[in-house]
Amino acid sequence: MHSRAEAASLDEQIEEWRSYVGRNRAIEAADVAELEDHLREQIETLIDSGLSEDEAFLVSVRRMGNLDAISREFAREHSERLWKQLVMPVREAGERSQRSEALVVFALAAVAAAIVRVPGLFGFRLDEGLGFYLVPFLVLPLLTGYFAWKRRLDAATIAWLTGAYVIAAILVLFYPFVSGSQTEVLAVMHLPVALLLMVGIAYAGVRWNQVTGRMDFVRFLGELCIYYVLTAAVGGLVVGAVAGIFRAVGIPVDLELWLLPSGAAAAVFIATWLVEAKQSVIENLAPVMARIFTPLFAALMMVLLVSLLWTGFGAEIDRGLLRGFLLLLVVVLAFLLFSISARNAQAPPGLFDVAQATLVVSALLVAAAALWAIAARIHEFGLTPNRAAALGLTVILLVNLAWSAALYIGFVRRRFQFARIERWQTDFLTVYVVWAAVVAVLFPPAFGYG
């Protein structure tokens with residue numbers, strides 16, 4: 001007989017394993033229960049042979065095989081189930097019906113499509129100047145509201161999220177910006193990044209303070225990007241085809257100007273609904289994309305480093321090139337975060353992790369070169385809002401990449417658990433949000449709104 005404390009410990013480990021397996025929707029609750037019975041049988045057999053509970057659990061889990069392999073096996077045996085999930089997801093007990101949720105999503109998509117036309121009533125054109133950047137301010141509150149409804153957030157949290165959006169609106173509308181100034185551009189570009197925190201809190205709910213909750217939001221953002229591109233591509237083709245027909249018959253209607261902004265806003269909600277309804281499908285793409293693009297990004301960063309060393313760098317580097325460096329670093333870090341969210345944290349280090357470590361170290365060196373060039377430009381030409389924002393972002397990226405490189409190298413050398421990399425990246429999300437808020441809120445008055 002095992003002690004009650006040992007049983008509780010074993011049950012906790014099995015519950016954690018069950019929760020991890022259950023995240024893949026290709027495996028239903030009954031399947032998880034079947035796998036758990038098999039796992040417990042193996043554990044009992046190993047305990048009877050003399051292993052401790054911890055040892056028996058780890059060996060049994062390893063014998064169960066990789067979760068991706070299990071998922072593929074279930075996909076082969078239950079292919080009709082996966083097809084049905086693609087077309088009409090199974091309703092889970094206790095959840096709102098798919099029909100009611102679809103109605104809410106399509107209603108929000110219609111509202112978003114209509115609301116982006118409102119700025120035009122006040123003389124703001126979405127295809128001119130900063131008009132394009134108004135779209136996130138109109139869409140993000142609706143997206144936050146959708147998740148607040150779906151996660152059934154409490155009234156206090158909803159009030160807090162609403163207050164944050166009200167403050168953001170006041171800043172945008174009442175700050176005395178000089179038209180077209182650097183601080184105005186920086187504010188409208190950075191404030192949506194800060195407001196993503198509101199979406200994340202609504203998405204994760206009470207789990208936002210947990211690593212898994214924040215990582216789920218990262219996973220959602222990555223999947224949303226994929227579905228959004230697919231949705232936007234289809235919508236763009238339809239609009240383009242209809243516009244071509246109108247022009248061919250002599251009807252002078254500029255459908256692109258009228259429909260594309262509205263379609264871009266509505267597509268956010270369609271893509272969100274697809275991600276929420278079809279998570280099991282897109283999650284299978286994440287590891288494939290990561291394994292394809294990580295070596296390519298690593299090679300690109302190495303080529304960039306060699307080019308910098310060959311040509312030299314400093315104050316003479318064009319600011320457009322510096323912006324390209326920063327954009328590339330942001331893309332690399334976003335891709336790195338998405339790759340981390342798609343990885344099995346329990347798997348041992350392999351060649352893919354070596355490629356990830358190479359990518360991080362290369363990006364770190366590029367960030368150091370960018371920091372040197374920005375500092376040289378500030379010394380040569382003085383401090384401006386744009387240079388201050390670039391300097392701060394580069395320092396933040398450098399800090400993130402430096403510790404990420406140390407953690408990845410330690411993980412590859414089997415000195416750290418992968419969970420430390422996950423925690424570092426999800427904790428660091430707050431730094432990006434705070435910096436975006438600083439640029440949007442404090443930079444304008446600090447630089448005289450110019």
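The structure presented is a predicted model; accordingly, all values stated were derived computationally and were not measured.
Looking only at distances, no side-chain donor or acceptor of Arg151 sits under 3.5 Å from a matching main-chain atom of Ala204. No donor-acceptor pair under 3.5 Å is formed between the side chain of Thr426 and the backbone N or O of Val211. Looking at Tyr228, its side chain does come within 3.5 Å of a backbone N or O of Ala264 through a donor-acceptor pair. Put simply, the side chain of Tyr165 gets close to the backbone of Leu140: a donor and an acceptor are under 3.5 Å apart. For Glu223 (side chain) and Val275 (main-chain N/O), no donor-acceptor pair under 3.5 Å exists by modelled atom type.
Test Leu333, Leu197, Leu196 against Tyr432 for side-chain contact (heavy atoms from CB on, under 4.5 Å) and you get one pass: Leu333.
In terms of the side-chain contact (heavy atoms from CB on, under 4.5 Å) criterion, residue partners of Leu161 (sequence neighbours excluded) are, by chain and number, Thr144, Leu153, Thr157, Met198, Ile201, Ala202. Considering only residues two or more places apart in sequence or on other chains, Arg207 meets the salt bridge (Lys or Arg N to Asp or Glu O under 4.0 Å) condition with Asp216. The salt bridge (Lys or Arg N to Asp or Glu O under 4.0 Å) test applied to Asp427 returns Arg214, not counting sequence neighbours.
Between Pro192 and Ala187, the closest heavy-atom pair is CD-O, 4.3 Å. Listed here is the closest heavy atom pair of Leu108 and Tyr146: CD1-CB, 3.5 Å. Shortest non-hydrogen contact noted between Leu195 and Ala164 is CD2-O, 4.5 Å. Taking all atoms of both residues into account, the shortest heavy-atom contact from Leu383 to Phe447 is CD2-CZ, 4.5 Å. The two residues Leu186 and Ala389 make their nearest non-hydrogen contact at CD2-CB, 4.0 Å. Nearest heavy-atom pair across Ala440 and Tyr175 is O-CE2, 4.0 Å.
Side-chain contact between Val193 and Val433 is absent, with no heavy atoms from C-beta onward closer than 4.5 Å. Contact check for Leu336 versus Gln356: side-chain heavy atoms found under the 4.5 Å cut-off. Side-chain contact between Ile374 and Arg377 is absent, with no heavy atoms from C-beta onward closer than 4.5 Å. Looking at heavy atoms from C-beta onward, Pro444 lies in side-chain contact with Phe177 at the 4.5 angstrom threshold. Considering only heavy atoms from C-beta on, Leu429 comes within 4.5 Å of Val218 through its side chain. A 4.5 Å side-chain heavy-atom check between Val439 and Met189 finds every atom pair outside the cut-off. Here the side chains of Val441 and Ile167 are not in contact, with every heavy-atom distance at 4.5 Å or above. Counting heavy atoms from C-beta outward, Arg414 and Pro348 have side chains that approach closer than 4.5 Å.
Classification of the Tyr408-Phe418 ring pair by plane angle, with boundaries at 30° and 60°, yields perpendicular. The aromatic rings of Phe217 and Tyr203 sit tilted, their planes meeting at an angle between 30° and 60°.
To the nearest 0.5 angstrom, Leu143 atom CG is 5.0 Å from Thr272 atom OG1. Going from atom CG of Leu397 over to atom CG of Leu364 covers 10.5 Å, rounded to the nearest 0.5 Å. Note that CG of Leu398 and CG of Leu365 are 9.5 Å apart. Values are rounded to the nearest 0.5 Å. Rounding to the nearest 0.5 Å places CZ of Arg387 at 13.5 Å from OG1 of Thr394. How far CZ of Arg423 is from OG1 of Thr212: 9.5 Å, rounded to the nearest 0.5 Å. Annotation: the span from Leu337 atom CG to Phe335 atom CZ amounts to 11.5 Å, rounded to 0.5 Å.
Applying the 6.0 Å contact sphere to CD of Gln210 captures more than 12 heavy atoms from other residues, nucleotides or ligands.
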- Message: Trp273 vs Val104, test: side-chain contact (heavy atoms from CB on, under 4.5 Å). Steps then yes/no.
- Response: CA-CA 10 Å; Trp273 179 66; Val104 170; over 6 Å; no
- Message: With side-chain contact (heavy atoms from CB on, under 4.5 Å) as the criterion, how do Val399 and Val431 come out once you've worked through the C-alpha distance, each side chain's angles and the decisive distance to 0.1 Å?
- Response: CA-CA 11 Å; Val399 171; Val431 178; over 6 Å; no
- Task: Using the side-chain contact (heavy atoms from CB on, under 4.5 Å) rule, take Ile409 and Val360 through it: C-alpha gap first, then chi angles, then the decisive distance, then the call.
- Result: CA-CA 10 Å; Ile409 292 173; Val360 173; over 6 Å; no
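Centroid-to-centroid, the aromatic rings of Phe443 and Trp435 come within less than 6.0 Å.
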